[in-house]
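Chain identifiers are assigned alphabetically (A, B, ...) following the order of the sequence lines, protein sequences preceding nucleic acid strands; residue numbering begins at 1 within each chain.
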2 protein chains.
Amino acid sequence: MSRWDPDAKGRLAMAARELFVEQGFDRTTVADIAARAGLTERTFFRHYADKREVLFAGDWLAARMTEDVAEAPADLTPIEIVTRAVENACDGITSSPDWSRDRARIIADHPELQERELAKMGMLAGVLAGGLRERGVPDVTATLAAELGVLAFRLAYERWAGGRRSTRMAPLVRVVLAEIEGVAGGA
Amino acid sequence: MSRWDPDAKGRLAMAARELFVEQGFDRTTVADIAARAGLTERTFFRHYADKREVLFAGDWLAARMTEDVAEAPADLTPIEIVTRAVENACDGITSSPDWSRDRARIIADHPELQERELAKMGMLAGVLAGGLRERGVPDVTATLAAELGVLAFRLAYERWAGGRRSTRMAPLVRVVLAEIEGVAGGA
DNA sequence: CTAGGCGATGTCAGTAACTGACATCATCTG
DNA sequence: CAGATGATGTCAGTTACTGACATCGCCTAG
């Protein structure tokens, strides 16, 4: 595992995860991570914009959601389109449940990481809204449907990560959305 | 304006705002800010946990919301309680509209500041939810009402900051909430 | 087979955010 | 007037992050 071995980015991510679990986020320096991956600090920053980013690597969530929104049947409502995209994203997350739970724990301990997580969710909302607009959904509706979907995603993720291991995440999305509808109507 | 003059924290905030407007956030160092306020870098960090925080100083928003939620009439629904708290918060913000708009522009230019803004919104949601639980509102309902309120607040703020100067912000909150109800129901 | 191009990595020096330890100053209190 | 107290200054250090340039290994044209 050194210099010219393949998948430097992946090795950095794995090294980071291990170290964060072993000794915590802030007691791990970027130099530590790079060393474990057989690389240098400078190279770390070529692959990840900053230290936090190594925990939020995949654009795959955004990419998959974009695709799902684009390919959704024509007769669905915006919120239904978003819901389906979010449900699919859940499957991606829960396919490595142990890591997802570790990750959730690391993030929960560090406000700076929670910030990044929220920012990523914001990005997802932007992506979803953009996808809806592409389909001709009016701006306001697109934004709102996207934000609601992401809100449901976030809350479902929290419940799933904090709940029993046997619970499945995807169904929680519709549960949360139904609750949202109930609460929003209680004005 | 030096060393032992009063309100060091306020002077730092004002210096920071001026410099951010004049030359941008990242071309302004903490040393610059401290110098303009007649203080040292070290003192800056005694008043603000980090450079970004100087733009997000007030706990007054959270404090006011807490109070509003605690004192709301007993017969209101959770979402209505939250809505009123958020509407009141709008008045606080729009009482210095020029600065609020400058601030919104600075934040819009810097992803790191958007992160912090979202984190603050998350904190507000936590505060609102906590206040509702104090009143005996069930956990799930409290969380959802709070998140919806904050979502409406965020979107209303965006529209207000981007819109005409004569527009009032508070009424936008209910507009957004009504839209949310409409979109959420379209499943 | 070799020369050169090219992308990924290394090296080095530098900036600036942030922190801990300790000294100093102004004010308040007895 | 002396000591307590809280705010500030000073200094040294760590670490995240960046720019400029050198080096390495592979790939391709000739």
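Between the side chain of A/Arg135 and the main chain of A/Ala72, a donor-acceptor pair closer than 3.5 Å is present. In this structure, the side chain of A/Asp32 engages the main chain of A/Thr29 through a donor-acceptor pair within 3.5 Å.
When rounded to the nearest whole Å, the span between CG of A/Asp26 and P of C/dC18 equals 14 Å. Going from atom CD of A/Glu53 over to atom P of D/dC17 covers 10 Å, rounded to whole Å. Following rounding to the nearest Å, B/Lys9 (NZ) and D/dG6 (P) show an atom-to-atom distance of 17 Å. Atom P of nucleotide D/dC17 and atom CG of A/Leu12 are separated by 14 Å, given to the nearest angstrom. When rounded to the nearest whole Å, the span between CZ of A/Phe45 and P of C/dT15 equals 18 Å. Rounded to whole Å, atom C1' of C/dA17 lies 14 Å from atom CG of A/Asp50. A/Arg27 places its CZ atom 14 Å from the P atom of D/dA16, with the value rounded to the nearest Å. Atom CD of B/Glu41 and atom P of C/dG20 are 15 Å apart (whole Å).
On a pure distance criterion of 3.5 Å, no polar donor-acceptor pair joins the side chain of B/Arg46 and the base of D/dG6.
Test B/Arg154, B/Arg103, B/Arg52 against B/Glu117 for side chain to side chain donor-acceptor pair (under 3.5 Å) and you get one pass: B/Arg103.
Contact check on A/Arg36 versus A/Glu22 returns a salt bridge, with a Lys/Arg side-chain nitrogen under 4.0 Å from an Asp/Glu carboxylate oxygen.
Side-chain heavy atoms closer than 4.5 Å link hydrophobic residues (I, L, V, M, F, W, Y) into clusters, and following such links, even through other members, never connects A/Val127 to A/Val140. The hydrophobic cluster containing A/Phe25 does not contain A/Leu118, counting ILVMFWY residues as joined when their side-chain heavy atoms lie under 4.5 angstrom apart, directly or transitively.
The residue among A/Thr28 and A/Arg42 whose nearest nucleotide of DNA chain D is located toward the 5' end is A/Thr28.
Within the structure, every side-chain polar atom (N or O) of A/Thr40 is placed at least 4.0 Å from both OP1 and OP2 of C/dT9. Taking 4.0 angstrom as the limit, B/His47 places a side-chain polar atom (N or O) nearer than this to OP1 or OP2 of D/dT8.
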Side chain to side chain contact (heavy atoms under 4.5 Å, CB included) between B/Asp26 and B/Glu112, intermediate numbers included: CA-CA 10 Å; B/Asp26 24 49; B/Glu112 26 175 349; 4.2 Å; yes
Does the protein touch nucleotides 24-29 of chain C at the base, only the backbone, or not at all? Give it as B, S and - per nucleotide, heavy atoms under 4.0 Å. -BS---
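The side chain of A/Thr43 has C/dG10 as its nearest neighbour among C/dA17, D/dA16, C/dG10.
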